[in-house]
Amino acid sequence: MTVRAIRKHERRALVHDRVQVILLGLFTLVCLLASVRGAQYRGALDAAATSFEAENREQDAAWRERVVAVESGSVAREDDVFAGLAMDVARPAVAAPGPLADFSRGVTDVHPFLSRVALWRSVDRLFGNYQFQSPNEIRAGKVDLAFAVLFLMPLLMIALTFGALSRDRDSGRLGLLLSHPISVRAVVRSKLFVRLGAVFVILVASLLAGLFLGAGGVPDGERLGRFGFWFLAASGYFAFWAGALYWFISLNRKSETTALMMVGFWVLNSLVGPAVLAAAAQLIYPAPSQLAFLSTAREVSNEAYRSRADVMQGMLLDHPELTVQNYTIPEYIRVYYLVNETVDRAVEPVLEEFEAVQSRRQSLLSRVQYVAPAALAMRSLNEISGTDLARQVRFEGEVRAYKRAIARHVEANVLSGEPLTLAEVDAVPTYAFRESGLGAIGRNVLFPVGYLFGLGLLAAARARRNLARLQTRFREA
Amino acid sequence: MIRAIALKEFRQYWRDGRFVTVFGIVVALGLAATLAGWSAVSAMERERAAAVATDREIWDNQGLKNPHSAAHFSRYAFQPTFNLAVFDPGLTDYVGNAIWLEAHYRDPAALRPIEDAVEIQRIAQLNPAWVIQVFGPLLIFVLLYGAVAGERESGTLRQLLAAGVRPVSLLLGKAVSAFSLTGLLVFGVLLGSAFLMSADGIERLPDTGLRTVGLIALYLVYLAIFVFVALGVSSLSARSRTALAALVGIWIVATILGPRIGPDVAGALAPAPPAHEFAARLQQESSDPFWGSSEEAVERRQAVMDDVLDAYGVETIEELPINYDGHLLQESEEFANDVFDALYDELWGSYERQRAVARAFALLSPTIAVQHVSMALAGTDIHAYRHFADEAEGFRREFVLLLNQEMIDHGGADGYAYVSGNDFWRQNPDFAYTAPGIGDAIRGVRGDVLILLLWLAAAVALAAAGARRGFLAEVAA
C-alpha cells in the first residue's frame, strides 16, 4: 500500500460516502448563495451611491445655472436674490462600497456611506436619516463569503476529518495498513490531503465565482489585488484549522472524543472568543454616552440661538470686515450659520472622543485578537474588503472635515450676505474618499495572516511528533 | 425505575470530566452574560434618565421663540430599556434609543448602540438568552449522544432490556437527567437575571412576572425538543459516534446556520425599502406636494386658503381672526401625516413579511422560533419597537399641533414674528411611554409558538420511533 493508493482510495470513499457528499454539496450551495447575495448587496450599495451622486449632480448643476443666469444678466439679481446664496452650498460626500464589500459586508449595513454636506446641517446631523435598515436583518447578520469561511468551512473540515484515524483504528483497518511499509503519519496526511483538499477546492472555486459575480464581469486591478490578499487570509485561516485538526487527530482519542474536542475548540474560537473579546474591549474602553452627546448638541444649539445677538456681535468684533453688505438676505440665515458653527465646535470634542475610544479599542483588539483566530481573521477580511470599522470612522471624520473646508471657503459670503460668484462656486472644494492602498493593507494584514499560517504549521509539527510516537507504540505492540 | 436511571446518569455525568467541564463553561458564560446584560441595561437607563431631564430643562428654558420654530427644535422621545432586556436584549442594540419629534418629518429612531460596537461583536453578542439558545442544545447533545447508542455499543442495552427495564423508562430516565441539568441552567440564568432586573433604576416591563414564567416555559420546551431529538437520534444510531455526528450537524443547522440564513433569505424575498431611498421618499412625498412649486402644490395651498376664508366668512387673510401661517403649517402637518402613515405601513409591512419568511425557516431551526418568542416576551422585538415608535409618533403629532395651535390662536397677524415664552413651554406635556402588556406582545408570535409545539411533538415522535425501532432491533438481535 502506497500513499498514492491511499489517496486514491480516499477519493473514491469520499465520492461514495453520501453524508460527506451532502456536506460538501451544502457547503458549495451556501458559498454560492453567499456569492450571489454578496453581489446583490454590493449592487444595491453601488446603485444607491450612483443615484445619490446623480441626484446631487443634478441639484448642483441647477443651482449653478442660477448663478450663471444672474452673472450673464439673463436674470436680474433682484429677481433671484438667493442665486449663489453661500449658505446653500451643498456637496455630496460618498464612500463607495469597499472593493470587496460583496465578500465581507463588515459594518457597512449599519453605518452611513452617503452625505449631502450642507451648512444648514450641524455636524451631528451630517448623515441625515439612514437608520431605516431592517433591525431583524442587521441582528441576524449576513450570509457572505466571510461567514462561509469563518464559520462553515471549519465545521465542514471537522465533519470530514474527526474520524480520520480513530475509525480505521477501531475497525482494525489501521493495523492492516501499517503492515505495509507506510507510516501512520503518511496515512493520516493522505486522508487529510484528500478530504481537506476537497474543501479547499470548493473554497477556491467559490471565491473565484464571487470575484467575477461581484464585479459583474472582469474585475479591475484594485479588486484583483484585494482578492489576492483575501485569498491569502482565507488560506491562512484554512491552514490554521487544518493544522489544528491534524493535531486533534494525532491525540488518537475515540472518534466522539475527538469530535467533541474539535467542536469545543470551534465554539471557543468562533463564538466565545470573539464575544468575550468584544465585551472586554467595550468594558475597558466604554464609548461616551450617545444620549449625553445628543443633549450636549441640543443644549449648545439652544444656548447659541438664545444668545444669537451676542454670537453675532462677537463675530463682528472679530471680523469687522464682514459687516452685512446685502440686506436683502434674511438675518436668520447668518444666525443659523453661526448657531450651527457653535454647535459644531461644541460637539467636535465629543465626536473626537468617540473616535479616540474606537481607536483605543481597535488598538487593544489588534493586540489580543491572537487569542481568538476567528476574530483576527474576521478583522483582516473586513479590512481587505474595505468594510472595516476603522475605514468607516475615517470616512465620518473626513466628512466633518470636509464641511469645515466648505465653511471656510464660503464663510465670508455667508456672514456678509454677499452671493458667491461663479468662480467661487466652481472653486468650492469637492470630496473624494480614498481607499487604503494595497501596500497599507499588506502591512496591516500580513502579520496576522502569517500568524494563522504559523499556528497551523506549529500545530502540524506537534501532530507529526504525536504521530511519530504513536508509530513507535504501534511497532512496539 | 426512572428515578434510579436518572440518578445513575447524574453520577455518570459527575464522574465524567468532559461533562463537568462543558457544563461549567456554559454556566460561567451564562453568569458572565447576565452580568454584562445588567451592566449594559443599567447604563442605558441611567443615560436615558439624564437625557430625559436635560431635554425637559432645555425645552423649558428656550426663551422667546416662535412656536413653530420650537416645533422644529422640538423634543426627543427616549426609548426605555426594560428589565427583561437584561435577559434577552433582542433588537435593543439594532434600533435607535431616541426619536426626534420634529415638525414636518417622522424621524427613525437614531443612536443605535450597534454603531458604537466593535466589529467582532457582529460574530456573537454575549447575552443570557443567546447562551441558552446556542449552548443549551449543545450541552444536551453532549450529555445524550451516547444515551442509547453508547449502551448498545457497550452491550449494556441488551442487559438492561433482559433485566426487564422498559424502553420508555430507560429513555425517560435519561431524558430527566439531561433535562434537569440544562433546566437548572435556564432557572439559574433567569433567576440571576431576575435578581439583577429588580435593581433600582431599571424600568419594569408590564406583566414582568407572567413574562418571566413564559420565558421559563419557553426555554424548557426548547430544551425538551433537543432532549427528545437527542434520544431519538441516539436510539436510531448504531454507534455513538454516528449519533454524535448527526446531532452536531443538527445543532449547527438549528443554532448557527438557520438563524443566519433564514433572515438573510427573508431579506432577499421580502426586501425592505433601501434606507437612503426611503428617507428621500419620506422627505419628498411629505413636503413637495404641499410646499413645492408644482401646480398640484399651489392648488393644494389655494384650497387650504379658500376653505379657511369660507369657514370664517371673510375675503382676505388679513381679515382672519387667526394666524394664517400657523393654520397653513398645521394643514401641511395633516397632509404629511397621511404620507407618513402610508410609507411607514410599507416599512413595517416589509419587516413583518421578513419575519414571516424567517418563521418558515423555523421549521428547520426551532432556534428561530425561540428567538422570536423570547424577544417578544422580553419586550425587545420588532413589535415592541414599533409600538414605541408609533406612540412617539402619536405624541409628535399632538405636540406639533399644540405648538401650531398656540401660533394659530394667539399669533394674530404677526405671522412668523409671533413668539411664546418659557411660561408656555413649561406647560407643555412630556412624552410618557407605557409598553404593551403580555397579551399584545405575544399576539405576533403565535405562529412561532405553534411551530415550537410542532417541533416538540415531532421530537417526541422521533424519540418514540427510536425507542420502538432501536430497542426492537436490539431484542431481535
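Just so we're clear, the structure is a prediction, and the values are computed from it rather than from any experiment. A, B, ... follow the sequence lines: proteins, then strands. Residue 1 opens every chain.
- At a 4.5 Å heavy-atom cutoff, the contact between A/Tyr130 and chain B is made by backbone and side-chain atoms alike.
- Contacts of B/Tyr351 classified as ring pair (Phe, Tyr, Trp, His ring centres under 6.0 Å), with partners at least two apart in sequence or in another chain: B/Trp348.
- Every residue meeting the ring pair (Phe, Tyr, Trp, His ring centres under 6.0 Å) condition with A/Tyr336, not counting sequence neighbours, appears here in chain and number order: A/Trp120.
- Chosen from A/Val393, A/Leu155, A/Val107, the residue pairing most often with chain B at heavy-atom distances under 4.5 Å is A/Leu155.
- Contact annotation for A/Phe147: only side-chain heavy atoms (C-beta onward) come within less than 4.5 Å of a heavy atom of chain B.
- Using a 4.5 Å cut-off between heavy atoms, A/Leu271 touches chain B through backbone and side chain atoms alike.
- Interface summary for chain A: among B/Arg112, B/Gln354, B/His276, B/Lys65, the most heavy-atom pairs under 4.5 angstrom belong to B/Arg112.
- Salt-bridge formation is detected for the pair A/Glu137/A/Lys142: a Lys NZ or Arg NE/NH1/NH2 atom is positioned less than 4.0 Å from an Asp or Glu carboxylate oxygen.
- Between A/Asp109 and B/Arg122 there is a salt bridge, since a side-chain N of the basic residue sits under 4.0 Å from a carboxylate O of the acidic one.
- Contact of A/Gln362 with chain B is made through the side chain alone, with heavy-atom distances under 4.5 Å.
- For the residue pair A/Gln392 and A/Glu396, a side-chain donor N or O sits within less than 3.5 Å of a side-chain acceptor on the partner.
- Both the backbone and the side chain of A/Thr257 come within less than 4.5 Å of a heavy atom of chain B.
- Looking at A/Arg298, the atoms closer than 4.5 Å to chain B (heavy atoms on both sides) sit in the backbone and in the side chain alike.
- With respect to the salt-bridge test (charged N to carboxylate O, under 4.0 angstrom), the residues B/Asp264 and B/Arg260 do not qualify.
- Your options are A/Ile158, A/Leu389, A/Asn302, and the one with the most heavy-atom pairs under 4.5 Å with chain B is A/Asn302.
- A donor-acceptor contact shorter than 3.5 Å is absent between the side chain of B/Gln121 and the backbone of B/Ile114.
- Interface residue A/Val110: backbone and side-chain heavy atoms are both found under 4.5 Å from chain B.
- Across A/Gly141, A/Ala287, A/Ala34, the residue that shares the most heavy-atom pairs under 4.5 angstrom with chain B is A/Gly141.
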Between A/Arg379 and A/Gln369, is the side-chain hydrogen bond (donor to acceptor under 3.5 Å, both in side chains) condition met? List the steps.
CA-CA 9 Å; A/Arg379 296 181 78 230; A/Gln369 63 182 346; 2.9 Å; yes
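- Contact annotation for A/Val30: only side-chain heavy atoms (C-beta onward) come within less than 4.5 Å of a heavy atom of chain B.
- In this structure, chain B has heavy atoms under 4.5 Å from both the backbone and the side chain of A/Ile138.
- Side chain of B/Thr242 to backbone of B/Ser237: no donor-acceptor contact under 3.5 angstrom is found.
- A/Ser363 places no side-chain N or O within 3.5 Å of a backbone atom of A/Ser359 that could act as its donor or acceptor partner.
- Heavy atoms of other residues, nucleotides or ligands lying less than 6.0 angstrom from CD of A/Glu353 number more than 12.
- In this structure, the portion of A/Leu365 lying under 4.5 Å from any heavy atom of chain B is its side chain and not its backbone.
- Enclosure of atom CZ in B/Arg386 by more than 12 non-hydrogen atoms of other residues, nucleotides or ligands within 6.0 angstrom is indicated.
- In this structure, the portion of A/Val267 lying under 4.5 Å from any heavy atom of chain B is its side chain and not its backbone.
- When heavy atoms are compared at a cutoff of 4.5 Å, A/Leu294 approaches chain B solely by way of its side chain, counted from C-beta outward.
- If you measure heavy-atom distances from A/Leu26 to chain B, you find no contacts under 4.5 Å at all.
- Interface residue A/Gln282: only side-chain heavy atoms are found under 4.5 Å from chain B.
- Note on A/Leu114, A/Leu283, A/Thr258: by heavy-atom pairs under 4.5 Å with chain B, the leading option is A/Leu114.
- Counting heavy-atom pairs closer than 4.5 Å to chain B, the top-ranked of the candidates A/Phe113, A/Tyr41, A/Phe354 is A/Phe354.
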